[in-house]
2 protein chains.
Amino acid sequence: MVQDQTNKLARADKSELRRQRIIEAAATLFILKGFHQTGMRDIAGQAGISLGNLYNHFKGKHEIIAAIAEMETAEMEPLLDLLETPGAKGRDVLIPFAKAYFRTCSLPENAALSAEIIAEIFRNPETGRAFSGTRKRLVTALEPHLPETFSNRAAAAGLVLDLIERAGQSAAGTSDRAHKDIETALLEMLMRTIEPV
Amino acid sequence: MVQDQTNKLARADKSELRRQRIIEAAATLFILKGFHQTGMRDIAGQAGISLGNLYNHFKGKHEIIAAIAEMETAEMEPLLDLLETPGAKGRDVLIPFAKAYFRTCSLPENAALSAEIIAEIFRNPETGRAFSGTRKRLVTALEPHLPETFSNRAAAAGLVLDLIERAGQSAAGTSDRAHKDIETALLEMLMRTIEPV
DNA sequence: AACTAACGTACGAACGTTCGTTTTTTATTG
DNA sequence: CAATAAAAAACGAACGTTCGTACGTTAGTT
């Protein structure tokens, strides 16, 4: 009579798990081929399910993209925490953040995906908007750690983020040596940026 | 008996002109919608010719993209000249270059196109390669103007270019005020980067 | 019995490309 | 100069695929 809560949860979990697998499959393909070169059939195939069933889990392609945006946002949370560490200020928080953010951005998956997203923002601001929420939070969190000598710290914070992101993209997929060189140059550049002249 | 050279040239010019119009039409649409969202019919329509005729001028879509890459390369020439001005060194050449390059990168057309290209490099290195020639030349030309304190000036030069490019992308399409703020922050950041600490 | 997940199929639209044909321009004759 | 053959440019229809999406049905769980 009493419903089996264990199994009920197990079922819901199972569904959630499959949903997650679909998202991962989609992400893999989006990274590899881009949003618009990836078809629903590709996603279904990669996830190991049928095309019809894919539509049982997602209303459409846009919903899958939105889910990936959400995932991306969640992954950024630890980095935001890093910036918002109470007490710590300036270089002591900025350099560790830069290292961590660079590491994230230079992961081939993230680099390719973020390139895809930036392009998407230009051609389709609506879809792009889903991704740009995190960005604003990063700028806000980063801003107070920059020197006051900047005439517009918010703009400078945006640039610092841009720099780290692009550095990561450039470093993605290169040899360990080149990767390290870029990271070193990035940190040297940031040190100069932070240092009051 | 003797061929009419005048008319012959006129004809060749006319054909070249039409070719150019097609490229411009394609560029407009690529910027607006991206490479893969732009169809051959769209391009033909925008250029004011028929679909069939489009294939009389280009073997296929890839050839149009290649032509645009070539155009892009040509547009970069003046900036390279700026960096290679004999005699001038360091800040005296870097700041003017940064201003000019930023201006170029923040033109909405260029910003969108370069975002598209970067994404394309990740998903299709082959096509992307057509675009990356200029980049190397810029790095080489920029490198000697950076301070020797960088442990790897080539890497640093790459970063400086990345920074300017992304700054331009961020500034593209924003208000004049925001645009100026970003440029100012960029220049401040570059001054700090160039200045020996 | 009710619900859900899974499936395969079907649809109309759009894709890049090819094709045969017509129109326009150029070159070569009479 | 007029007539005509040759070439180039332009066209629209059609090719086979693939696209995102919708639908009806079957199998399995509660």
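Just so we're on the same page: letters track the sequence lines, and every chain starts at 1. Only this structure's heavy atoms are used, side chains among them; waters, hydrogens and symmetry mates stay out.
Within the structure, every side-chain polar atom (N or O) of B/Ser15 is placed at least 4.0 Å from both OP1 and OP2 of D/dA8. Side-chain nitrogen and oxygen atoms of A/Arg18 include at least one within less than 4.0 Å of the OP1 or OP2 phosphate oxygen of C/dA6. Applying the 4.0 Å criterion to OP1 and OP2 of D/dA10, one finds that B/His57 has a side-chain N or O inside that range.
Using a 4.0 Å cut-off between charged side-chain N and carboxylate O, A/Glu116 and A/Arg123 make a salt bridge. Ion pairing between B/Glu188 and A/Arg153 fails under the 4.0 Å rule for side-chain N and carboxylate O. A salt bridge links A/Glu183 with A/Lys180: at least one charged nitrogen is closer than 4.0 Å to a carboxylate oxygen.
Between B/Leu29 atom CG and C/dG16 atom P there is a gap of 11 Å when expressed in whole angstrom units. Atom NE2 in A/His36 sits about 13 Å away from atom C1' in D/dG20, given to the nearest Å. Taking atom NZ on A/Lys33 and atom C1' on D/dT18, their separation rounds to 11 Å, with Å as the unit. Rounded to an integer number of Å, the gap from B/Leu54 CG to C/dT18 C1' is 13 Å. Straight-line distance from the CG atom of A/Asp42 to the P atom of D/dT17: 17 Å, rounded to whole Å. Whole-Å rounding puts the A/Arg19 CZ to C/dA5 C1' distance at 15 Å. Rounding to whole angstrom units, CD1 of residue B/Ile43 and C1' of C/dT17 are separated by 13 Å. Counting to the nearest Å, the P atom of D/dT18 and the CD atom of B/Gln37 are 18 Å from each other.
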Dump the pairs, protein N or O against N or O of nucleotides 22-27 of chain D, anything under 3.5 Å, distances to one decimal.
none

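Within the 4.5 Å cutoff, the side chain of B/Glu120 has heavy atoms near those of the B/His36 side chain. Counting heavy atoms from C-beta on, the side chains of A/Ile194 and B/Arg192 never come closer than 4.5 Å.
For B/Phe58, the ring-ring contact (aromatic ring centres under 6.0 Å, His included) criterion is met by no residue, not counting sequence neighbours.
For A/Ile49, the listed nucleotide lying nearest its side chain is C/dC7; candidates were C/dT17, C/dC7, D/dA10. For B/Lys61, the listed nucleotide lying nearest its side chain is C/dG16; candidates were C/dC7, C/dG16, C/dA6.
At a cut-off of 3.5 Å, with distance as the only test, no side-chain donor of A/Thr184 or B/Asn152 sits close to an acceptor on the other residue.
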